[in-house]
Engineer: 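The structure's right below; bear with me while I get my questions together.
Lettering follows sequence order; numbering is per chain, from 1.
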Amino acid sequence: MESLDDSELMARVRAGHGETALVLLFERHHGPLFGFLYRLTGHTATSEDLVQDVFLRVLRYANSFRPGEAFRPWLYRIARNVLADHWARRKAELPLDLHAMALPAPTNCAHADLEYAQDQDRLQQALNQMPLEKRELLLLSRDPELSYADLATTYGCSISALKVRVHRAMQELRSLFFQPMEVR
Amino acid sequence: MRCEEIQIALLEAQKYPQEILPAEWIKHLETCPDCREVRELWQQLSHFPAPVPDPGLTERFRKRLAHEVPQTKRRSPLLAGWGLPLAATLLLAVGGAFAAGYSLRPLPTNPRREALAEFRRGTAADRLQTIALVTSNRSGDSNLVMALLERVALDPSVEVRLSAVEALYIFGSDPSLGDRIAEALPSQDQPRVQLALVDLMVALRERRAAEALRRLVQEHRLGPAARHHAEARLAEQRM
Ligand SMILES: [Zn+2]
């Protein structure tokens, strides 16, 4: 079954006897999806729960997967819904725990590594200050496996409209990232 | 080229970093700190280290699946939770509409009129998308209900019909919906769609819908599968 592509595995899931197929899909896709969720929630345990929720919904709504459709954009569509429900449950958007988001300290503390780690940290902090939907859009945009056409489908707009939206989000991130550090 | 054009063009370039930028852009980037900043930021973003999930996560998922699936199998997904939140979720899964308060979807300027015309056009996939799009703006609109019922009755694709049935959950508060579905049910020629319509009527949890359904059963106006399904559902819900 490992040789089947995502769409073929989904056909099994749809047919109602696809638990092995679903676990295979999970194995293939849960890593990047976890990364995406983690960057948005800042919480490992939450992201692990949400990843599983997403795949349970894959099973539940398998009938809405159209044969031959690209699996990943569809999966991310579900992931966005799961996230939306997650935020709704939490009611207000609580400030992210910045400490929890801190990256692992570089093992080798050479100057360049340290600078790199600091930049990454600053980037995460800039992202954290952005509205959720823009943060999400930027994180999805950087995924090489999701084309802008895929994203336009996910967001229900034209490719050019989507690009303008990503561009605007980028401008916001840029002003947050490059703004001089506040000195108190 | 204006900076904005370059920066939007860079969106494509950031996805395919191995591709070489056109000479014209490289020249511009050399002289324009703004565009350079954007490029640098995309590079940072694409190198953002991805945190790795716990290696035991797949196993945990397998266990959760074994634990939860028997429960979901017992219930029809359409009945797993009553009311709008579920219907919204279904739509989300179908076409990528968004939950309230989380909407990034720009609706066309006159979404309903445009979409009503769109309902008959395109491939089955296009029509599914249209149904999801138009109902993401979920408020009662009898034209929309009629358009969805038309899809349920006439669309050549069973998937589109089923998706239109799902979309009708959004309009569960429309008092005439039960009657309209009761009218549509006996002439439905697709068994799967009949079952979905029975589920919808039960989900309306409305006395009139239940009565209409019971009448259809008594008058033998449903196919055997749909009749059996309706009897079971009516008994289950003690409607
Ligand atoms: Zn420029």
Engineer: Under a 4.5 Å heavy-atom cut-off, does chain A meet the side chain of B/V38, its backbone, both or neither?
Structural biologist: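 Its backbone and side chain both get close to chain A.
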Engineer: Keeping the roles fixed (side chain from A/Y148, backbone from B/L11), state whether a donor-acceptor pair exists under 3.5 Å.
Structural biologist: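 Checked: pair present.
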Engineer: Heavy-atom pairs under 4.5 Å with chain B are the metric here; pick the option from A/L139, A/T44, A/L22 that has the most.
Structural biologist: A/L22
Engineer: Heavy-atom pairs under 4.5 Å with chain B are the metric here; pick the option from A/G35, A/P32, A/P144 that has the most.
Structural biologist: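 Most heavy-atom pairs within the cutoff with chain B belong to A/G35.
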Engineer: How about B/L154: does its CG atom have over 12 heavy atoms from other parts shown lying under 6.0 Å from it?
Structural biologist: yes
Engineer: Over all heavy atoms of both residues, which pair between B/P51 and A/F34 is shortest? Give the atoms and the distance, please.
Structural biologist: O-CD2, 3.6 Å
Engineer: Which atoms of B/E40 are under 4.5 Å from chain A, going by heavy atoms: the side chain, the backbone, both sets, or neither?
Structural biologist: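 For B/E40, the side chain is the part near chain A, not the backbone.
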Engineer: Under 4.0 Å between a side-chain nitrogen and a carboxylate oxygen: does that hold for B/R62 and A/E19?
Structural biologist: no
Engineer: Kindly indicate whether a cation-pi arrangement holds for A/R142 with B/F48, taking the cut-offs as under 6.0 Å to the six-membered ring centre and within 45° of the axis.
Structural biologist: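 Geometry flag: not set, cation outside 6.0 Å or 45°.
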Engineer: Taking every non-hydrogen pair under 4.5 Å, which of B/Q7, B/E37, B/Q44 racks up the most with chain A?
Structural biologist: B/E37
Engineer: With only heavy atoms counted, which part of A/E145 is less than 4.5 Å from chain B, the side chain, the backbone, both or neither?
Structural biologist: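 When you check distances to chain B, no heavy atom of A/E145 falls under 4.5 Å.
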Engineer: Go through A/H30, A/M170, A/E27 and name the one with the most non-hydrogen pairs under 4.5 angstrom from chain B.
Structural biologist: A/M170
Engineer: When only pairs under 4.5 Å are counted, which of A/V23, A/V82, A/V58, A/L56 shares the most heavy-atom pairs with chain B?
Structural biologist: A/L56
Engineer: Quick check for you: to the nearest 0.5 Å, what is the distance between A/K163 atom NZ and B/I8 atom CD1?
Structural biologist: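 The distance works out to 8.5 Å.
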Engineer: Mind ranking A/V164, A/L123, A/V166 by heavy-atom pairs under 4.5 Å with chain B and telling me who comes out on top?
Structural biologist: A/L123
Engineer: Relative to each other, are the rings of B/F61 and A/F26 parallel, tilted or perpendicular (30° and 60° limits)?
Structural biologist: parallel
Engineer: Relative to chain A, which of B/D54, B/L41, B/V52, B/L162 shows the most heavy atom pairs under 4.5 Å?
Structural biologist: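 Answer, by heavy-atom pair count under 4.5 Å with chain A: B/L41.
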Engineer: Decide if atom CZ of A/R72 counts as having more than 12 heavy atoms of other residues, nucleotides or ligands within a radius under 6.0 Å.
Structural biologist: yes
Engineer: Verify side chain to side chain contact (heavy atoms under 4.5 Å, CB included) between A/L138 and B/W42, making sure each step is shown before the conclusion.
Structural biologist: CA-CA 9 Å; A/L138 286 176; B/W42 272 121; 3.8 Å; yes
Engineer: Does any heavy atom of chain B fall under 4.5 Å from the side chain of A/S141, the backbone, both, or neither of them?
Structural biologist: both
Engineer: Might you confirm whether atom CZ of B/R36 has over 12 heavy atoms from other residues, nucleotides or ligands at distances under 6.0 Å?
Structural biologist: yes
Engineer: Examine whether an atom of A/F55 lies under 4.5 Å from a heavy atom of chain B, and if so say whether it belongs to the side chain, the backbone or both; otherwise answer neither.
Structural biologist: both
Engineer: Look at A/D49 together with B/R64 and state whether they make a salt bridge at an N to O cut-off of under 4.0 Å.
Structural biologist: no
Engineer: For the atom pair CD (A/E48) and CZ (B/R60), what is the distance rounded to the nearest 0.5 Å?
Structural biologist: 4.5 Å
Engineer: Chain B heavy atoms under 4.5 Å from A/L127: which part of the residue, side chain, backbone, both or neither?
Structural biologist: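 Contact with chain B involves the side chain of A/L127 alone.
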